[in-house]
Protein chains: 2
Amino acid sequence: MTSPASAAPAPSVEERVLDAAKVCIERWGMAKITIDDIANEAGVSRATLYRLFPGGKDVLFEAFRVRELEDFFTRLASHLDHIDDLEDLLVRVVVSATEELRSDQHLAGMLASEPGEALTSLTVDGLPRIIRIATVFLIPLVGEYVPRREASRLVEFLARMVISFFLAPSDHVDLGDAESARSFIATFVLPAFQPSLASS
Amino acid sequence: MTSPASAAPAPSVEERVLDAAKVCIERWGMAKITIDDIANEAGVSRATLYRLFPGGKDVLFEAFRVRELEDFFTRLASHLDHIDDLEDLLVRVVVSATEELRSDQHLAGMLASEPGEALTSLTVDGLPRIIRIATVFLIPLVGEYVPRREASRLVEFLARMVISFFLAPSDHVDLGDAESARSFIATFVLPAFQPSLASS
DNA sequence: TGACGGTGAGACGAAATGCGTCTTAGTGTC
DNA sequence: GACACTAAGACGCATTTCGTCTCACCGTCA
C-alpha cells in the first residue's frame, strides 16, 4: 500500500479523510452524508476524525471546501505563467476559471442534484471564502500591475463576475471565450482599475 | 402540465411514485433514501404512498424492481421479432440481454457505488425474481420450440448464464458477441434441451 | 345537493439513526 | 517502560424516520 518507493508522498491522515469526504459526496451528495460514512471510507475511527476536525461535520466540510478551492486556484495559476501584461493576465484568469468551472463534473453534478447546496456554496455562504482564497492566490500575480489595495478589489470583482456569468450566462458576454472576455475586461474592468490607461 | 393533447397517457400516481423512486435512487443511492424523499419527489403525501404500497419502503422497492425488470424484458422482447429458429432465438436473447446489461448506466452506477446492494439484486435476493419475470416474458417465444416445462428450465438457465457472464466475464465466452454466444449455446444449451438435435 | 373515494397536510408515539464524548486496549516509537 | 496515536465501541442525547392516524379538501357522480 504505502510503499516508500511510491511517487505519491504518503498522504496524511487528514488528506485521506478529505479524500474520503470527496468520495462520499460524489456518491451520496452532501445532504446524505454522515460522519460514519466518511470515517469508514477513510478507514479511520470516528474518534480520530473528531480529533482532526474538532467541531465535526461543519469543520470537516469547511476544510474540504477550502481544499477544493485551493486545488481550483492551483490549477488556475498553472495557466498564468509568462504573462507580462495586465489585460492579458485578466483575460487568461477569467477564461481559464470559466472553462474550469464549466468542465467540473463534480460541480455540475452538485448543481443538478442539490442546487440549493451548490448555489449556496457559490454565493451567499461560499462567496466570501472564494474571494478570500482567490485573493491569496492571485494577489501575487495581479499585484505586479496595480497597488495591493486595488488588487484586492480587482480580484474580488473578477471572482464575482466569473461566478455570475457562469451561473447565469449572458447573451452578450461569454467569459469562456477569449475575445469576448477581452472586450468585457477592456470595457468594464480596466477603466475602473487603470483609469490612467482608460483613454489609450 | 398534464395537457390533454399530450402524447403521454397521463401517468398514474403509482407510476409517478416509481419514477420518483428512480430519480431518488439515481441521486442518492438505495441506501440513503427515505420514504419522504420519494414522496416529495413524486409530489405526493406520505399517506398516499403508504396507501399505494402498504408495507412501506420494502414493498415500494419490490414494485420498483419488478417494473425495472419488466421494462428490461419489454425492450429485450422488441429485439426478438421474426425469428423462426430456436438457436437464432436463444442467441439473440443472450446477446441482446448482455448488451443491454452492459450499456445500462443506472446499473453500472449501482455496481460502482453500492456493489453490495446491486449484486444482491442480481444474485441471492434478486435472481428468483429475475427468473420469474424472464419466464413470463420469454416462455411465449421459447414455448414454440420446446415443451412448456422444458422452456421454463431453459429460460432459467439462460438467465443464470447471462448474469454470471455479465458479472464475471470469461476469457473464453463473450455472450455479447453473436459468434461466441452461438458457439456457447450450441455446445452447452441445445444439447441439453434438444437432445434429438444434438448430433445434427 | 349530498354521498363518496382519493388526496394532502400534518400530528403522534415508537423506532432507528446519527452525534459527540468518553473509555479501553492495542501498536509502534523513543 | 513511558509516550503518542489509534481503532473499537459504549454511552446518552438529539434528530430523523417510520408507520399510523385524523381531518379537511376537492372532484365526481348519483
Side-chain angles (χ1 to χ4, degrees), chain A residues 1-6 8-65 113-114 116-117 120 125, chain B residues 1-6 8-65 113-114 116-117 120 125:
Chain A
M1 284 292 183
T2 60
S3 144
S6 163
S12 71
V13 180
E14 181 169 334
E15 281 167 342
R16 284 222 323 278
V17 170
L18 293 178
D19 289 341
K22 183 163 191 170
V23 169
C24 291
I25 287 170
E26 285 169 355
R27 185 179 305 161
W28 292 312
M30 310 225 25
K32 294 286 189 178
I33 288 188
T34 69
I35 291 283
D36 290 82
D37 293 332
I38 299 172
N40 288 333
E41 179 67 32
V44 131
S45 78
R46 225 146 34 85
T48 299
L49 201 150
Y50 279 102
R51 223 173 286 120
L52 290 173
F53 302 97
K57 196 153 49 167
D58 290 347
V59 173
L60 196 159
F61 276 17
E62 176 66 18
F64 170 76
R65 283 187 267 248
S113 66
E114 297 179 297
E117 177 72 34
T120 293
D125 285 355
Chain B
M1 285 292 182
T2 59
S3 147
S6 163
S12 70
V13 181
E14 181 168 335
E15 279 168 344
R16 284 221 324 278
V17 170
L18 293 178
D19 289 340
K22 183 164 192 170
V23 170
C24 291
I25 287 170
E26 284 169 354
R27 184 179 304 161
W28 292 314
M30 303 209 73
K32 294 285 188 177
I33 289 188
T34 69
I35 291 282
D36 289 82
D37 291 332
I38 299 171
N40 288 334
E41 179 67 30
V44 130
S45 77
R46 230 170 55 258
T48 299
L49 203 150
Y50 279 102
R51 240 174 263 125
L52 289 172
F53 302 97
K57 199 154 47 168
D58 290 347
V59 173
L60 196 158
F61 277 16
E62 176 65 19
F64 171 76
R65 283 187 265 249
S113 67
E114 297 179 295
E117 177 73 33
T120 293
D125 285 353

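To find a chain, count down the sequence lines: A is the first, B the second, and so on, and within it residues start at 1. Predicted model, so just to flag it, every value in this text is computed and none were measured. These numbers come from the heavy atoms of this one structure, side chains and all, not from hydrogens, waters or symmetry mates.
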Can you check the [X] [atom1] to [N] [atom2] distance for me, whole Å?
| X | N | atom1 | atom2 | answer |
| --- | --- | --- | --- | --- |
| Ile33(B) | dT16(D) | CD1 | P | 19 Å |
| Asp36(A) | dT17(C) | CG | C1' | 9 Å |
| Ile38(A) | dG20(C) | CD1 | C1' | 15 Å |
| Arg46(B) | dC21(D) | CZ | P | 13 Å |
| Asn40(B) | dT17(D) | CG | C1' | 13 Å |
| Ile35(A) | dA7(D) | CD1 | P | 14 Å |
| Tyr50(B) | dA9(C) | OH | C1' | 16 Å |
| Leu49(A) | dA8(D) | CG | C1' | 15 Å |

Nearest to the [X] side chain among [options], which nucleotide is it?
| X | options | value |
| --- | --- | --- |
| Ala47(B) | dC18(D), dG20(C), dA9(C) | dA9(C) |
| Val13(A) | dT17(D), dT6(D), dG20(C) | dT6(D) |
| Thr34(A) | dC19(C), dC18(D), dG8(C) | dC19(C) |
| Lys32(B) | dC21(D), dG18(C), dA7(D) | dG18(C) |

Salt bridge Asp37(B)-Lys32(A), side-chain N to carboxylate O under 4.0 Å: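 Lys32(A) and Asp37(B): salt-bridged.
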Short side-chain N/O contact to dG8(C) OP1/OP2 from Thr48(B), under 4.0 Å: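 Checking dG8(C) against Thr48(B), a side-chain N or O does come within under 4.0 Å of OP1 or OP2.
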If you define the side chain from C-beta out and look only at heavy atoms, does anything of [X] sit under 4.5 Å from [Y]?
| X | Y | answer |
| --- | --- | --- |
| Ile38(A) | Val23(A) | no |
| Thr34(A) | Trp28(A) | no |
| Ile25(B) | Glu117(B) | no |

Give a yes or no answer on whether the side chain of Glu114(B) reaches the backbone of Ala31(B) with a donor-acceptor pair at less than 3.5 Å.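 Pair found, side chain donor or acceptor close to backbone of Ala31(B).
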Most 5' of Arg51(A) and Lys57(A) on DNA chain C, judged by nearest nucleotide: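 So the residue in question is Lys57(A).
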